[in-house]
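Each chain gets a letter, A, B and so on, in the order its sequence line appears, and its residues count up from 1.
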Amino acid sequence: MKFSNVLVQWYLQNKRDLPWRQTSNPYKIWLSEIILQQTRVDQGMVYYFKFIEHFPTVFHLAKASEEEVLKLWQGLGYYSRARNLHFSAKYIVNELKGHFPSSYIQILKLKGVGDYTASAIASICYNEATAVVDGNVYRVLARYFGIATPINSTKGIKEFKLLAQKLLNPTISGTHNQAVMEFGARMCKPQNPDCEICPLNESCVALQKQIVKTLPVKEKKLTIKKRYFNYLVVQTPNNKTIIEKREKGIWINLYQFPLLESAHEIDVNQLITSEKFDKLFGKLNTSVKLFNQTMVVHKLSHQHIYTKFWIINIPNSAKFSLNWDEIKRFPVPILIDNFLNEYKSN
DNA sequence: TACACGTGGTC
DNA sequence: TGACCAAGTGT
């Protein structure tokens, strides 16, 4: 219990004053946990406030449209979190009469809630003795106990969950869990951890063996794919354009301009002779201009998207009926949002 | 199981 | 500056 006691004591003296730490309302804890998945506190905070304001209860969230939820989520990334959040809100309201599930097993049934989030909510809101294992916990445990098992291997996932569960102080599960995570985020950081002032530095295996920097171990690194996006930005004399809803892959259910994806960079001739271009404009009299002289590179975790925005000037047509001003009502990827801001100011 | 899924921060 | 990483989950 020494491990837990030291960390909890450190936590009580050093924890940040975060809005979701002032409540045990499961809806708010759930919302905060979904927002914080793979997301820094600083980045997620404004979204937490926005969501609480727009949707003070699960009933408000359930009543909203998916588009409204996605619009509010815009810019935060991993948009399936928003869609699953919305789906689960409707499930809680319609199937559970608005009663939030109150055990790890029941919470785990919510879409978008996995082992980590179910453990977090169950321990924080209901004091259930379930240990969380997130990136912070992997790092703290791997270093303190000198464990080199890859954290993204099946063996590692099991091993760390078991260890975390063994270390848990079941009488204060929620506080213990948050203590380990806060400690990982603020003291036992990925880079430049504060080992000199760490309250566990006398018993940390990694520090003694001088292998802090090598832990935790992660198996293999992923390859970055290159993709080439050509957006067809329609501009008519009466200031209309057209957008489409993405139906698969990245940014699903978000909006964008008609897209021609190509295997390599293409020029204007390849663009106007493409099937997509013909389907959209046929024999209409178009004039095509490249908006950005150098390609915009949008970097995602697994792919770099090289983007050209082609401005297509075209006569008025019923086919292109969306007012430019109305675009801002639609959820769009940051890549598109950035373009809109630049285009507007030109 | 391996991979897809966003955006922004850090060094 | 490229590489790594963030309170992970779904398929």
Side-chain angles (χ1 to χ4, degrees), chain A residues 11 15-16 18-21 29-48 70 73-85 87-88 107-121 123-124 131-140 150-158 160-161 164 174 176-186 188-193 213-225 227 246 248-254 256 297-305 331-338:
Chain A
Y11 173 69
K15 65 176 175 178
R16 288 166 289 182
L18 303 174
W20 45 85
R21 289 197 173 141
I29 298 297
W30 172 49
L31 176 63
S32 73
E33 290 299 343
I34 301 297
I35 287 176
L36 289 175
Q37 286 169 5
Q38 295 287 284
T39 304
R40 284 188 169 71
V41 167
D42 288 342
Q43 193 192 357
M45 185 89 76
V46 289
Y47 288 85
Y48 177 77
L70 281 172
W73 198 271
Q74 179 179 306
L76 195 52
Y78 283 139
Y79 297 95
S80 66
R81 289 184 294 173
R83 289 185 287 109
N84 288 333
L85 183 77
F87 181 94
S88 295
I107 298 168
L108 191 57
K109 291 181 178 166
L110 301 177
K111 261 194 194 178
V113 170
D115 180 76
Y116 162 76
T117 305
S119 300
I121 299 172
S123 64
I124 294 170
V132 298
V133 183
D134 73 334
N136 293 306
V137 178
Y138 280 124
R139 189 170 55 255
V140 171
I151 60 172
N152 55 345
S153 64
T154 306
K155 181 159 176 277
I157 292 168
K158 263 201 207 153
F160 281 97
K161 176 78 183 182
H176 168 103
N177 278 336
Q178 293 184 82
V180 184
M181 290 191 285
E182 185 82 347
F183 183 79
R186 309 274 289 178
C188 197
K189 298 172 291 185
Q191 295 164 324
N192 304 323
K213 281 181 108 169
T214 72
L215 296 176
V217 173
K218 218 177 219 177
E219 255 174 0
K220 76 178 69 166
K221 43 203 102 167
L222 20 89
T223 52
I224 306 287
K225 246 186 252 171
R227 303 175 71 179
R246 285 188 66 88
K248 51 193 258 189
I250 191 176
W251 301 323
I252 189 169
N253 288 9
L254 273 64
Q256 62 181 10
V297 188
H298 190 75
K299 296 180 176 178
L300 300 99
S301 40
H302 294 66
Q303 48 187 299
H304 289 356
I305 299 176
V332 299
I334 286 297
L335 175 64
I336 300 294
D337 196 52
N338 288 343

A/N84 has its side chain closest, among C/dA6, B/dG6, C/dG10, to C/dG10
Within the pair A/T39 and C/dA7, is there a side-chain N or O less than 4.0 Å away from OP1 or OP2? no
Within the structure shown, what part of the strands sits under 4.0 Å from A/N177 by heavy-atom distance: base, sugar-phosphate, or nothing? nothing
Counting C-beta onward and ignoring hydrogens, is there a side-chain heavy-atom pair between A/V332 and A/Q256 closer than 4.5 Å? no
A/R40: salt bridge (charged side-chain N to carboxylate O under 4.0 Å, His left out) partners, not counting sequence neighbours: none
Closer to the 5' end of DNA chain B via nearest nucleotide, is it A/G249 or A/N152? A/N152
Between C/dT1 and C/dC5, how far is it from one C1' atom to the other, in whole Å? 16 Å
Report which part of the nucleic acid A/Q178 touches: base, sugar-phosphate, or nothing (heavy-atom distance under 4.0 Å, all strands). nothing
When you measure from the side chain of A/M181, which nucleotide among C/dG10, C/dA7, C/dC5 comes out closest? C/dA7
Taking the same atom, P, in C/dC4 and in B/dC3, what whole-Å distance lies between them? 15 Å
Do side-chain atoms of A/K158 reach the backbone of A/S153 as a donor and acceptor pair under 3.5 angstrom? no
Could you list the residues that satisfy salt bridge (charged side-chain N to carboxylate O under 4.0 Å, His left out) with A/R21, not counting sequence neighbours? A/E182
Between B/dT7, C/dG10, C/dG8, which nucleotide has the shortest distance from any of its atoms to the side chain of A/K111? C/dG10
Could you check whether A/I124 gets within reach of a base, just the sugar-phosphate, or nothing at all, counting any heavy atom under 4.0 Å? nothing
When we call it a touch if two heavy atoms are under 4.0 Å apart, what does A/W73 touch: a base, just sugar-phosphate, or nothing? nothing
What is the distance, rounded to the nearest whole Å, between atom CZ of A/R246 and atom C1' of B/dC5? 12 Å
Mind checking if A/G184 touches a base, just sugar-phosphate, or nothing, with heavy atoms under 4.0 Å? nothing
For a quick check of understanding: with a heavy-atom distance under 4.0 Å over all strands, which category does A/V132 fall into, base, sugar-phosphate or nothing? nothing
With respect to the phosphate group of C/dA7, does any side-chain polar atom (N or O) of A/T117 fall under 4.0 Å of OP1 or OP2? no
Looking only at atom P, what distance separates B/dC11 and C/dA7, rounded to whole Å? 15 Å
Below 3.5 Å between N/O atoms, which protein atoms pair up with nucleotides 8-11 of chain B? Just atom names and distances, please.
| residue | atom | partner | partner atom | Å |
| --- | --- | --- | --- | --- |
| B/dG8 | N2 | A/R40 | NH1 | 2.5 |

Could you work out, with side chain to side chain donor-acceptor pair (under 3.5 Å) as the rule, every residue matching A/R81, not counting sequence neighbours? A/T39
Check the phosphate of C/dG8 against A/Y138, side-chain N and O only, distance under 4.0 Å to OP1 or OP2. Yes or no? no
Select one nucleotide: of C/dA7, C/dG8, B/dG6, the one nearest the side-chain heavy atoms of A/W251. B/dG6
Residue A/R81, side-chain atoms from C-beta onward, closest of C/dT9, B/dG6, C/dA7: B/dG6
So if I take every side-chain heavy atom of A/Q38 and compare against C/dG10, C/dC5, C/dG8, which nucleotide ends up nearest? C/dG8
Please classify the nucleic acid contact of A/L76 as base, sugar-phosphate, or nothing, using heavy-atom distances under 4.0 Å. base
A/S88 (side chain) donor-acceptor with A/L85 (main chain) under 3.5 angstrom: no
Any base atoms under 4.0 Å from A/R139, or only sugar-phosphate, or nothing? Heavy atoms, all strands. sugar-phosphate
Check whether the side chain of A/Y78 and the base of B/dG6 form a donor-acceptor pair under 3.5 Å. yes
Sequence-distant partners of A/K189, salt bridge (charged side-chain N to carboxylate O under 4.0 Å, His left out), two or more places apart: A/D194
With sequence neighbours left out, write down each residue that passes side chain to side chain donor-acceptor pair (under 3.5 Å) with A/Q74, or none if nothing qualifies. A/K71
